[in-house]
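By convention here, the first residue in the shown sequence is residue 1.
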Amino acid sequence: MAVFADLNINYTDDKKQLRDIIETAAHLGYSTVAINHLIDLQPKKQEIRKPASVDELFRQLPVVQGKSRPIKVLNRLTLGVSDASHFRPSADLKYYDLVAVVPKTEKLFHAACMTFDVDIICITVTEKQPFFFKRPPVNGAIDRGVFFEITYTPAIKDSTMRRYTISNALSLMQTCKGKNVIISSGAEKPLDLRGPYDISNLGLVFGLSEGDAKAAVSTNCRATLLHAETRKTALGVIHTIKKTQTVEEDQEQEAPASKRAKTKHV
């Protein structure tokens with residue numbers, strides 16, 4: 001059974017509304033959600049503050065529909081960047097499980113794909129993309145394990161934004177061929193959310209294949225979280241298995257024991 005995630009639930013100071021969104025996500029079958037804190041980096045940048053603890057929202061997390069475990073709630077930081085010099089590694093980033101960036105120019109998009117230490121590159125969907133997606137930087141991001149995000153909430157609110165969302169998504173898919181794409185809500189209230197299977201169908205409109213559309217709300221989200229873990233620890237993931245001994249190795253281990261037995265007999 002697929003495990004679904006929505007990695008973009010917009011943060012709000014209204015704690016009740018935030019709880020309602022997360023409860024709705026659990027009811028729809030999402031196993032993981034990320035509360036998104038958006039900060040615009042300018043010369044006089046906003047302060048990156050430590051996010052509120054999930055314990056302040058819930059005494060007991062809601063249980064995911066169809067599963068027996070509670071929903072997992074993460075914190076995400078999305079940085080709006082208008083100049084590459086504004087993006088600097090900071091110790092404050094460690095407070096967040098995910099780090100995303102919204103590049104506003106082609107130059108910044110190239111830098112985000114090739115050098116920025118982030119997990120997600122957000123594709124603008126509320127206006128016409130001001131540049132074309134080029135294959136080298138997109139492939140560079142894919143090789144680095146960075147994912148591209150399309151948010152669907154604007155597309156269900158306004159017909160103009162729907163055209164922009166579909167147009168920008170199709171442009172991206174022509175370049176990335178459906179690889180390393182996640183689809184998130186960007187929800188600001190519970191009614192913005194749609195079920196994961198509805199979003200998979202929406203992915204077809206965005207130019208994804210059936211398999212890639214399902215991955216965009218499931219396995220690709222999981223891969224994004226694994227990338228975030230690797231980024232934070234600066235280490236890779238090591239998988240170990242027990243080595244199968246050869247016949248020669250078995251004989252070498254048995255030889256000393258048999259020799260001791262003969263000595264004792266004498």
Side-chain angles (χ1 to χ4, degrees), residues 1-12 15 17-38 50-79 93-101 118-123 145-153 179-203 206 208 211-233 237:
M1 182 180 292
V3 178
F4 300 108
D6 185 341
L7 301 183
N8 191 345
I9 301 294
N10 272 339
Y11 174 78
T12 173
K15 298 296 188 283
Q17 181 165 299
L18 196 55
R19 284 195 297 270
D20 290 344
I21 297 174
I22 295 172
E23 288 172 353
T24 301
H27 179 72
L28 290 172
Y30 289 100
S31 296
T32 303
V33 295
I35 300 173
N36 186 26
H37 302 255
L38 178 61
K50 185 176 180 181
S53 170
V54 176
D55 295 335
E56 296 179 21
L57 288 174
F58 294 97
R59 291 183 179 177
Q60 185 173 1
L61 289 167
V63 175
V64 180
Q65 179 74 19
K67 302 183 183 295
S68 57
R69 60 177 180 269
I71 191 170
K72 185 176 183 180
V73 182
L74 307 174
N75 280 300
R76 162 181 162 175
L77 177 66
T78 299
L79 303 170
L93 300 183
K94 68 182 180 181
Y95 297 127
Y96 294 86
D97 302 290
L98 291 161
V99 176
V101 65
V118 297
D119 309 305
I120 300 169
I121 298 173
C122 307
I123 304 303
V146 179
F147 284 76
F148 301 100
E149 179 188 60
I150 301 290
T151 53
Y152 65 80
T153 296
K179 295 180 180 178
N180 285 42
V181 174
I182 63 173
I183 302 177
S184 306
S185 66
E188 297 177 346
K189 55 182 184 294
L191 289 176
D192 292 339
L193 288 171
R194 297 293 184 273
Y197 292 104
D198 292 332
I199 303 310
S200 295
N201 291 332
L202 185 61
F206 291 164
L208 290 165
D212 288 338
K214 186 175 181 180
V217 289
S218 56
T219 54
N220 284 0
C221 294
R222 182 173 181 273
T224 304
L225 297 176
L226 289 174
H227 181 273
E229 287 293 327
T230 303
R231 174 185 53 77
K232 288 194 297 181
T233 58
V237 178

Visitor: Yes or no on side-chain contact (heavy atoms from CB on, under 4.5 Å) for I22 and I35, after CA distance, side-chain angles and deciding distance?
Guide: CA-CA 9 Å; I22 295 172; I35 300 173; 4.1 Å; yes
Visitor: List for me each residue that meets side-chain hydrogen bond (donor to acceptor under 3.5 Å, both in side chains) alongside D192, sequence neighbours excluded, and say none if there are none.
Guide: K189
Visitor: Return the OG1 to CD1 distance between T12 and I9, rounded to the nearest 0.5 Å.
Guide: 12.0 Å
Visitor: Do N180 side-chain atoms and V146 backbone N/O form a donor-acceptor pair below 3.5 Å?
Guide: yes
Visitor: According to ring-ring contact (aromatic ring centres under 6.0 Å, His included), who are the partners of F148, at least two apart in sequence or on a separate chain?
Guide: none
Visitor: For T153, is there any backbone N or O sitting under 3.5 Å from a side-chain donor or acceptor partner on S185?
Guide: no
Visitor: Counting C-beta onward and ignoring hydrogens, is there a side-chain heavy-atom pair between V217 and D6 closer than 4.5 Å?
Guide: no
Visitor: How are the rings of H37 and Y11 set to each other: parallel, tilted or perpendicular (split at 30° and 60°)?
Guide: parallel
Visitor: Where do H227 and G145 come nearest, in terms of heavy atoms and distance?
Guide: CD2-O, 3.2 Å
Visitor: Looking at side-chain heavy atoms only, is the closest gap between L225 and L7 below 4.5 Å?
Guide: yes
Visitor: Any non-hydrogen side-chain atom of L202 less than 4.5 Å from a side-chain atom of R194?
Guide: no
Visitor: If every non-hydrogen atom of A34 is compared with every non-hydrogen atom of L98, which pair is closest and at what distance?
Guide: CB-CD1, 4.0 Å
Visitor: Would you mind reporting whether I199 and F4 have side-chain heavy atoms less than 4.5 Å apart?
Guide: no
Visitor: Ignoring hydrogens and geometry, is there a side-chain-to-backbone donor-acceptor pair from N10 to E188 under 3.5 Å?
Guide: no
Visitor: Which pair of heavy atoms, one from V181 and one from F147, lies closest together, and at what distance?
Guide: N-CD2, 4.0 Å
Visitor: Do Y152 and I183 have side chains that get closer than 4.5 Å, going by heavy atoms?
Guide: yes
Visitor: Indicate the atoms forming the closest heavy-atom contact of L57 with K15, along with that distance.
Guide: CD2-CD, 3.5 Å
Visitor: Looking only at heavy atoms, which two atoms of D97 and D119 are closest? And how far apart?
Guide: O-OD2, 4.3 Å
Visitor: Taking the side chain as everything from C-beta on, heavy atoms only, tell me whether T78 gets closer than 4.5 Å to C122.
Guide: yes
Visitor: So, for L193 and A25, which heavy atoms are closest and what is the spacing to 0.1 Å?
Guide: CD1-N, 3.7 Å
Visitor: Could you check if a side-chain atom of R76 sits within less than 4.5 angstrom of a side-chain atom of I120, using non-hydrogen atoms only?
Guide: yes
Visitor: Holding to side-chain hydrogen bond (donor to acceptor under 3.5 Å, both in side chains), I want the full list of residues that pass it with S31, two or more places apart in sequence or in another chain.
Guide: none
Visitor: Rounded to the nearest 0.5 Å, what separates atom NZ in K179 from atom CG in D212?
Guide: 9.5 Å
Visitor: What's the separation between atom CG in L226 and atom SG in C221, rounded to the nearest 0.5 Å?
Guide: 11.5 Å
Visitor: Calculate, to the nearest 0.5 Å, the distance between atoms NZ and CG belonging to K50 and N75 respectively.
Guide: 10.5 Å
Visitor: Heavy-atom distance under 4.5 Å between the side chains of I182 and N8, does that happen here?
Guide: no
